[in-house]
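Nothing here was measured: the structure is a model prediction, and the numbers come from that model. In what follows, chains are A, B, ... by sequence order, proteins preceding strands, each numbered from 1.
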Amino acid sequence: MKLVTWNVNSLKVRLPQVLTWLENNPVDVLCLQETKLTDDKFPQAEIEAAGYQVAFSGQKTYNGVAILSRHAITDVQKNNPLFEDAQQRIIAATIQDMRIICAYVPNGQALDSEKYPYKLSWLASLHEWVKQEMSQHASLAVLGDYNIAPEDRDVYDPAAWEGQNLVSPPERAALQALIDLGLSDSFRMFEQAEKSFSWWDYRQLGFRLNKGVRIDHILLSAALAARCTSCVIDKVPRKWEQPSDHAPVIATLD
DNA sequence: ATGGCTCTTGGGAAGAGA
C-alpha cells in the first residue's frame with residue numbers, strides 16, 4: 001500500500017508529469033495540492049483512463065486539492081466542516097479501511113501578514129476536526145503540504161530562517177498539537193539522509209544547491225504507523241523540465 | 001538585497017507562492 005502527497009503547482013501544467021510519474025510509480029492513493037483548477041476543468045477523464053478514481057475540489061487560480069485512488073473512494077468531504085472557508089484546501093475520503101485527509105495548509109506569507117493568523121486559526125480548526133475523525137477512524141492519514149518545517153533539520157539554513165514564516169514557534173506548535181493527537185510524521189519513523197527536503201525555490205538554483213525545506217508531510221495514526229515500512233521523498237520529478245517546486249512524498253504500508 | 005522563478009488571469013502587469 002503506497003500513499004503519496006504531491007503539491008503539483010498547477011495540475012493543468014503538470015498533468016503529463018503526474019501521469020508519467022504514476023506510470024513509473026504505481027501507487028494506491030495520491031493526494032494532490034494546488035491543482036488551481038475549477039471542478040469543470042478538472043482532467044477527470046485522463047486520470048480515470050490511467051486507472052485511478054478521483055475526487056476533487058477546486059477553485060479558480062489558487063488552491064485546489066484532489067485524491068486519486070486505485071481503489072473505491074467513498075464518503076468524500078470537501079473542506080473542514082468546522083471551518084468556514086472560501087478557499088478549497090481540504091478533501092477527505094474513505095478508501096478501503098483508511099480515512100484519507102488531503103490538506104493544503106495556508107502558506108501564511110509572513111508573520112505580520114493577515115494571512116498568518118488565518119493559517120493559525122485554520123490549523124487550530126483542522127486539529128479539532130482531525131480529533132473528531134480519529135475518534136471514528138482508527139486508520140487515518142493526513143497527507144499534504146503543511147507549509148511548516150517541523151524542526152531546524154528540515155530547513156537548509158535554520159539560522160537564516162529563524163522565527164520566519166514556515167518555521168515560527170506558533171506554526172510548529174500547531175503541527176505538534178496535531179501530532180499529539182496520536183499521529184506520527186512517517187518520514188521521521190525511519191533513518192533519512194541529512195538535508196532531506198520536499199520543496200526548493202525555483203530561484204537562485206535552489207534545487208541544484210539543495211536549498212530547500214521539508215514542508216510536505218504524511219501523518220499516520222497509530223494503526224497505520226504500525227503498518228508503515230518506509231517513507232521517502234522522490235526527487236526525480238523535481239529534475240524534470242518545468243517541474244513543480246515540490247517533490248512527492250511516498251509512504252509504504254504493509 | 002529591493003530580487004531572483006513560475007504560475008495565474010487575461011491579453012499587460014501584478015499577486016501569490018514559500
Partners passing side chain to side chain donor-acceptor pair (under 3.5 Å) against [X] (at least two apart in sequence or in another chain):
X	value
A:Q132	none
A:D75	none
A:T20	none
A:W122	A:D85

(request) Would you kindly give the CZ-to-C1' distance between A:R89 and B:dA18, to the nearest whole Å? (result) 12 Å
With a cut-off of 3.5 Å and sequence neighbours excluded, list every side-chain donor-acceptor pair involving residues 231-238 of chain A.
{"from": "A:D234", "atom 1": "OD1", "to": "A:V236", "atom 2": "N", "distance (Å)": "3.0"}
{"from": "A:D234", "atom 1": "OD2", "to": "A:W21", "atom 2": "NE1", "distance (Å)": "2.7"}
{"from": "A:R238", "atom 1": "NE", "to": "A:S244", "atom 2": "O", "distance (Å)": "3.4"}
{"from": "A:R238", "atom 1": "NE", "to": "A:D245", "atom 2": "O", "distance (Å)": "3.3"}
{"from": "A:R238", "atom 1": "NH2", "to": "A:W200", "atom 2": "O", "distance (Å)": "2.8"}

(request) Could you name each residue pair satisfying salt bridge (charged side-chain N to carboxylate O under 4.0 Å, His left out) that touches residues 202-217 of chain A, not counting sequence neighbours? (result) A:D154-A:R214, A:D185-A:R214, A:D201-A:R203
(request) Hey, could you give me each pair passing salt bridge (charged side-chain N to carboxylate O under 4.0 Å, His left out) that has a residue in residues 114-132 of chain A? Not counting sequence neighbours. (result) A:K119-A:E171
(request) Identify, with sequence neighbours excluded, every residue that meets salt bridge (charged side-chain N to carboxylate O under 4.0 Å, His left out) alongside A:R172. (result) A:D152
Any residue in [range] with a heavy atom nearer than 4.0 angstrom to DNA chain B? Just list them by number, or reply none.
range	value
residues 54-65 of chain A	A:K60, A:T61, A:Y62
residues 143-174 of chain A	A:D145, A:N147, A:L166
residues 197-206 of chain A	A:W199, A:Y202, A:R203, A:Q204

(request) With sequence neighbours excluded, tell me which residues meet ring pair (Phe, Tyr, Trp, His ring centres under 6.0 Å) with A:F56. (result) A:F42
(request) Flag the pair A:Q242 / A:R14 as yes when at least one side-chain heavy-atom distance between them is below 4.5 Å, and no otherwise. (result) yes
